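Data first, discussion second: the structure below is written as structure tokens.
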Amino acid sequence: MANFETVTVETDLLIVGGGMAACGAAVEAAYWAKKNGLKVTLVDKAAVDRSGAVAMGLSAINQYVGLRDGANTVKDYVDYVRNDLMGVTREDLVANIARHVDSTVHLFEKWGLPIWKDEKGAYVHEGRWQLMINGESYKVVVAEAAKNALLQDGVGQIFERVFIVGPLMDGDRCAGAIGFSVRENKVYVFKSKATLVAMGGAVHVFKPRSSGEGFGRAWYPPWNSGSSAYFTLRAGAEMTCQEVRFIPVRFKDAYGPVGAWFLLFKSRATNAMGGDYMVERKPELEKWGPYGRVKPVPANLRNYLGMLDVMEGKGPISMRTEEALQKIADTYKDDQVAYKKKMKELESEAWEDFLDMTISQAILWAATNVQPEQRSSEIAAAEPYFIGSHSGASGAWVSGPEDLQTDDTKKAYFWGYSNMSTVKGLFCAGDASGASSHKFSSGSHAEGRIAAKSAVKFIVENNTAPKVDTAALNAQMAEILKPIDNFEQHKNVTTDEETNPNYIKPRMFMFRLQKIMDEYAGGVTAQFTTNKASLERGLELLGFLKEDSEKLAASNLHELMRCWENVHRMWQAEAHVRTVLFREETRWPGYYYRADMPKIDEAKWHVFANCRCDPKTGKWELFTRPIFHVFPQPAEAKPQGAASAR
Ligand code: SFD
Ligand code: AMP
């Protein structure tokens, strides 16, 4: 076995990940740990200041409910999320985040995040739920608070550049995590009483649109590679909404987000003939149950209407930036000075939107002489991502809060500790927890706080150190380092290290995974369309890939990380394909379309599709869970599907 030093760290609460949810968890955990004399350890594969999806910054806080102003209620937010996800949502989880998220936003402001204000001092809204920020240093501000909280008074410690591979188990209880340094030859064994998973979602499971030119450029950050899903699956946790991938419409080729354009600048998107798909294709919305009739139209249906234009050869689709800015400036047209000033202001806001969050989009504009006030820009549907915190929903099935349960949900949605998965001592937040979409950066931070407080409660009430079997641990270490051994053992068989009959390098492995997913599971080249036979063939090919994952090879620590990132992606892929196959309907056209089951089936499939992989046998189980409301609903939206185990 490769020669690595083993570092063992014992802690009470272990937080794996250092993004929005983990930083929220750190702040809250530090407070409760101090009160209870506990120790908290946070581990990130990168540097917390700039890790995760918010690395480049963001230009908006997408979840702010505005409870103190009476602007909206928690139920308003729950109604919005449920409809956007075509009826499939855990209302208790969404409501729990919604009632706490504003306080997280107020903390961000206190810590120094500049939130736009109007002349009266009120927050400037991008849309009903979104606030505009000067967010290029968003992550630095949030990370600083997390670090201050953990590092003061010896409450906690932070490990950066340590890649977490998977869970340590003590029977059915999570006992910590194992990983390795991406800088030094060290394996890290973290033993904990509770573990909070917050390692984000996954990208590059599907082939990206940019495959040679601008290789790997995507909207979602390439370093979030499905570690949360892998961790929870391997611990034996029940997973939910694994079929719900997110496809955002983005500015073409550099993936600039569209929210500010649609909501703040009130832009239209039009096709090559000048038609507006949101207007011309409105009758299509009638086919998608009660969900197509509600405002705003769900994100997947908005996507779908545009995709129908593209499939009919009416592309490209253009964001009409010039028209939108002109329209706003026109309200000042009788005063030339005010008009010019407004135009300048709009121009700088337009650039700042990308400079805050997706710098490459601003660079692409500059490189291609685009002045948004003069010329429209192409937009396109991106490749699929797994991001349960945005408009996707995939993640672990977690317990809701006790006080929001009803007679129906008490047994189905609650098992003692908020945000604990079905595995004892294993908590999840942000992209790691499922069926609670639209939490975004702020809601993920709030959910991290909720989960951390709950995890501390678990520790206080279960204050025993779990045991880790030495033989099992040694086997896990050997498995983690196997790619290094594979390389060392076989590297001299050929003259080109990249090509070898005895091993596969992570880059080629990733290409194979992406090709399978793209072609069989409804990626870009398959027009986001699939069917039973394709999915079954995809599963067969994923099976061969899994066999070959034993042959992954790494010539250095960086490649070792790449190997495990791709194993993580592969598991996310398998959970996805199995669940798309299981759900025999098309519920989210615009995210994926099952050509053999082209309609929504409310009677049978108004349910959660959940799955679990038994850690002992490796056998997958797929089954449904009922959807219950925690707020009273109008008659039409009552659940119709019965729960059934399959
Ligand atoms: O406009 C391991 N998001 C937006 N949210 C907003 O509120 N406003 C916006 O403006 C947003 N936009 C946006 C967004 C995302 C992206 C990519 C872009 C633009 C370009 C969404 C939010 O960013 C997202 O909801 C949250 O960040 C989710 O938080 P969390 O904590 O679940 O994930 P994370 O922040 O990505 O952090 C993940 C962490 O895990 C680490 N990690 N650590 C150890 N071992 C491993 N194996 C690990 N794998 C991952 C990461 O390093 C990181 O610390 S807009 O487009 O909508
Ligand atoms: P995006 O930039 O697409 O990630 O969107 C940012 C926020 O605006 C998210 O909360 C989206 O759900 C929302 N959003 C984006 N486009 C629209 C739209 N056309 N109508 C309503 N909400 C939107």
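All values reported here derive from a predicted model rather than from experimental measurement. In listed order, ligands and their atoms are each counted from 1. Every heavy atom of this structure was used, including side-chain atoms; hydrogens, water molecules and symmetry mates were not.
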Which segment of [X] sits under 4.0 Å of ligand 2 when only heavy atoms are counted:
{"X": "Arg250", "answer": "side chain"}
{"X": "Trp129", "answer": "neither"}
{"X": "Trp261", "answer": "neither"}
{"X": "Val249", "answer": "neither"}

Any idea which protein heavy atom is nearest [atom], and the distance to it?
{"atom": "atom 12 (O) of ligand 2", "answer": "Tyr80 OH, 3.5 Å"}
{"atom": "atom 10 (O) of ligand 2", "answer": "Gln130 NE2, 2.9 Å"}
{"atom": "atom 6 (C) of ligand 2", "answer": "Asn62 ND2, 3.5 Å"}
{"atom": "atom 14 (N) of ligand 2", "answer": "Arg302 NH2, 3.6 Å"}
{"atom": "atom 8 (O) of ligand 2", "answer": "Leu263 CD1, 3.2 Å"}

Over 60° means perpendicular and under 30° means parallel, so classify the ring planes of Trp129 and Tyr80, tilted if in between.
parallel

Arg449 and Ser103: side-chain donor and acceptor closer than 3.5 Å?
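Side chains of Arg449 and Ser103: pair found under 3.5 Å.
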
Answer yes if the side chains of Ser267 and Lys327 hold a donor-acceptor pair under 3.5 Å, and no otherwise.
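The criterion, which ignores hydrogens and geometry beyond distance, is not satisfied for Lys327 and Ser267.
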
Test of ring centre spacing under 6.0 Å for Phe180 and Tyr188:
no

Out of Ser391, Gly259, Ala299, Pro296, who gets a non-hydrogen atom closest to atom 2 (O) of ligand 2?
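Closest candidate by heavy-atom distance is Gly259.
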
Tell me, please, which residues at least two apart from Tyr64 pass side chain to side chain donor-acceptor pair (under 3.5 Å).
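In terms of side chain to side chain donor-acceptor pair (under 3.5 Å), with neighbours along the sequence ignored, Tyr64 is linked to His106.
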
Qualifying residues under side chain to side chain donor-acceptor pair (under 3.5 Å), relative to Thr11, sequence neighbours excluded:
Thr41

Against heavy atoms of Val258, which atoms of ligand 2 measure under 4.0 Å?
2 (O), 3 (O)

Can a salt bridge be assigned to the pair [X] and [Y] using a cut-off of 4.0 Å between side-chain N and carboxylate O?
{"X": "Glu323", "Y": "Lys266", "result": "no"}
{"X": "Arg128", "Y": "Asp76", "result": "yes"}
{"X": "Arg281", "Y": "Asp309", "result": "yes"}

Result for side-chain hydrogen bond (donor to acceptor under 3.5 Å, both in side chains) between Ser51 and one of Lys139, Lys45, Glu160, Arg161 points to Lys139

Under 3.5 Å, side chain of Tyr77 to main-chain N/O of Ile97, donor-acceptor pair present?
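Checking the backbone N and O of Ile97 against the side chain of Tyr77, no donor-acceptor pair under 3.5 Å is found.
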
Give every pair formed by an N or O atom of ligand 1 and a protein N or O atom closer than 3.5 Å, one pair per line with both atom names and the distance to 0.1 Å, or write none.
residue	atom	partner	partner atom	Å
ligand 1	5 (N)	Ser441	N	3.4
ligand 1	7 (O)	Asn62	N	3.0
ligand 1	7 (O)	Ser441	N	3.1
ligand 1	7 (O)	Ser441	OG	2.5
ligand 1	8 (N)	Ala60	O	2.7
ligand 1	8 (N)	Asn62	ND2	3.3
ligand 1	10 (O)	Ala60	O	3.3
ligand 1	25 (O)	Ser389	OG	2.6
ligand 1	25 (O)	Phe440	O	3.4
ligand 1	31 (O)	Met20	N	3.2
ligand 1	31 (O)	Ala21	N	2.8
ligand 1	32 (O)	Asp431	N	2.9
ligand 1	32 (O)	Asp431	OD2	3.1
ligand 1	33 (O)	Asp431	OD2	3.4
ligand 1	35 (O)	Met20	N	3.2
ligand 1	36 (O)	Ala53	N	2.8
ligand 1	36 (O)	Asn224	ND2	2.8
ligand 1	40 (O)	Ala198	O	3.4
ligand 1	43 (N)	Lys45	N	3.1
ligand 1	45 (N)	Ile164	N	2.9
ligand 1	47 (N)	Ile164	O	3.0
ligand 1	47 (N)	Ser227	OG	2.9
ligand 1	49 (N)	Ser227	OG	3.4
ligand 1	52 (O)	Asp44	OD1	2.6
ligand 1	54 (O)	Gly18	N	2.9
ligand 1	54 (O)	Gly19	N	3.0
ligand 1	54 (O)	Asp44	OD1	3.3
ligand 1	54 (O)	Asp44	OD2	3.0
ligand 1	54 (O)	Ser51	OG	2.8
ligand 1	56 (O)	Trp219	NE1	3.1
ligand 1	56 (O)	Arg250	NH2	3.0
ligand 1	57 (O)	Asn62	ND2	3.1
ligand 1	57 (O)	His390	NE2	2.7

Close approach, His390 and ligand 2, non-hydrogen under 4.0 angstrom
yes

For Arg209, what residues pass the salt bridge (charged side-chain N to carboxylate O under 4.0 Å, His left out) criterion, not counting sequence neighbours?
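Arg209: no salt bridge (charged side-chain N to carboxylate O under 4.0 Å, His left out) contacts found.
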
